[in-house]
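Beneath this line is the structure, given in structure tokens, with notes to follow.
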There are 2 protein chains.
Amino acid sequence: MRKNGDVYDASCSARDALELIASKWALLILPALAAGPMRNAALLRRIGGISQKVLTQTLRELERNGLILREDKGMRPRRVEYRLSRLGKSLSRALRILDRWAERHFPALDAARERYAANQASQRSASRL
Amino acid sequence: MRKNGDVYDASCSARDALELIASKWALLILPALAAGPMRNAALLRRIGGISQKVLTQTLRELERNGLILREDKGMRPRRVEYRLSRLGKSLSRALRILDRWAERHFPALDAARERYAANQASQRSASRL
DNA sequence: CAGTATCCTCGGAGATACTG
DNA sequence: CAGTATCTCCGAGGATACTG
């Protein structure tokens, strides 16, 4: 992306940051970890519908960006814990606002979708006259 | 908000809402429209790297969810304007917080990535000994 | 248990050309 | 000018099996 012509000005890196955040899975993992440190298996259970591969990928990406910390206590059987870094907690707080927005407004979104569907239907039947 | 250890139960719809938001393009279109109503071509210019098709798709999806309004004034040549709905403005305000977070913290993210890369490199060379 | 390695599928998204 | 219609391709992500 961002092929030719630097259309957008200074906020390019911020845009990258946004894209990191705008990952569906990151948006679910961070809140999960906000509750406290968690292990791989627990995250798999907690976040329904994510595969082991994608979970690992996303965790690595979050770790790479300094949002979470990975602690591998060298035990047998193995035990690895993930937890939010300071930066991750900060982001998590910002995300909570979005979360609350979603909770508060999804009824409105649903309603809008129904209205839209109804409109579509009536327009289809009108054009058939 | 999914406080107990169960997989997501009640907050499924909110999760859907989050996924709508977690679209890279929606995250760019909404702030663009926050500045004021805009037409197709203007959005294409403003948001670098998006194709006509994807722009239309995203706009439709946002309209369907009641976040933006589409106004087609029946002129020749055609003139269609998009603008935020009340709901869209509300979301846009919530997103601005994220935006600010990204602007404020992307240096930290960058730094973390460099640290990570350095670690990787030193670990690779260590394992080669 | 945490993580990798493979293989494979499906759909997101680009390019291009066309229409009202 | 806004939008559709096709065709195409690439890669994110799922399933499964294996390893330390």
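Given the structure is predicted, the values throughout are model-derived calculations rather than measurements. A, B, ... follow the sequence lines: proteins, then strands. Residue 1 opens every chain.
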Rounded distance (Å) that lies between atom [atom2] of [N] and atom [atom1] of [X]:
X	N	atom1	atom2	result
A/Tyr82	C/dA2	OH	C1'	7 Å
B/Met75	C/dG20	CE	C1'	16 Å
A/Arg70	C/dA2	CZ	C1'	8 Å
A/Met38	C/dA2	CE	C1'	16 Å
A/Gln52	C/dT4	CD	P	9 Å
A/Ile68	C/dA2	CD1	C1'	14 Å
B/Leu59	D/dC1	CG	P	17 Å
A/Glu81	C/dC1	CD	P	15 Å

(request) Compare side-chain N and O positions of A/Arg39 against OP1 and OP2 of C/dA2 and report whether any pair is under 4.0 Å apart. (result) yes
What's touching nucleotides 11-13 of chain D from the protein side, N or O pairs under 3.5 Å?
unit_1 : atom_1 : unit_2  : atom_2 : d
D/dG13 : N7     : A/Lys53 : NZ     : 3.0

(message) When you compare the side chain of B/Leu59 with that of B/Leu43, does any pair of heavy atoms fall below 4.5 Å?
(response)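 Contact flag for B/Leu43/B/Leu59 side chains = yes.
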(message) Salt bridge or not between A/Asp99 and A/Arg96? Use side-chain N to carboxylate O under 4.0 Å.
(response) no
(message) Assess whether a salt bridge exists between B/Arg64 and B/Glu61, defined as any Lys/Arg side-chain N lying under 4.0 Å from an Asp/Glu carboxylate O.
(response) yes
Quick one: do [X] and [Y] end up in the same hydrophobic cluster if we chain Ile, Leu, Val, Met, Phe, Trp and Tyr together by side-chain heavy atoms under 4.5 Å apart?
X	Y	result
B/Tyr116	B/Leu109	no
A/Val80	A/Leu30	yes
A/Val54	A/Met38	yes
B/Leu33	B/Leu20	yes

(message) For A/Glu114, is the CD atom crowded, meaning more than 12 foreign heavy atoms sit under 6.0 Å from it?
(response)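 For A/Glu114, atom CD is not crowded (no more than 12 foreign heavy atoms under 6.0 Å).
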(request) Verify the neighbour count for atom CZ of B/Arg86: are there more than 12 heavy atoms of other residues, nucleotides or ligands below 6.0 Å? (result)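 Not more than 12 within 6.0 Å, no.
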(request) Hunt down any stem DNA chain C takes part in, defined as 3 or more consecutive Watson-Crick or G-U pairs whose two distances are each under 3.5 Å. (result)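 Listed by first number, the stems are C:1-20 with D:1-20.
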(message) Return whichever of B/Ala42 or A/Arg76 has its heavy-atom-nearest nucleotide of DNA chain D closer to the 5' end.
(response) B/Ala42
(message) Quick check: on DNA chain D, is the nucleotide nearest A/Ile50 upstream (toward 5') of the one nearest B/Arg60, or the reverse? Name the residue that is more 5'.
(response) B/Arg60
(request) When you get a sec, tell me which of D/dC1, D/dA2, C/dA2 is the closest nucleotide to the side chain of A/Ala41? (result)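 Closest of the options to the side chain of A/Ala41: C/dA2.
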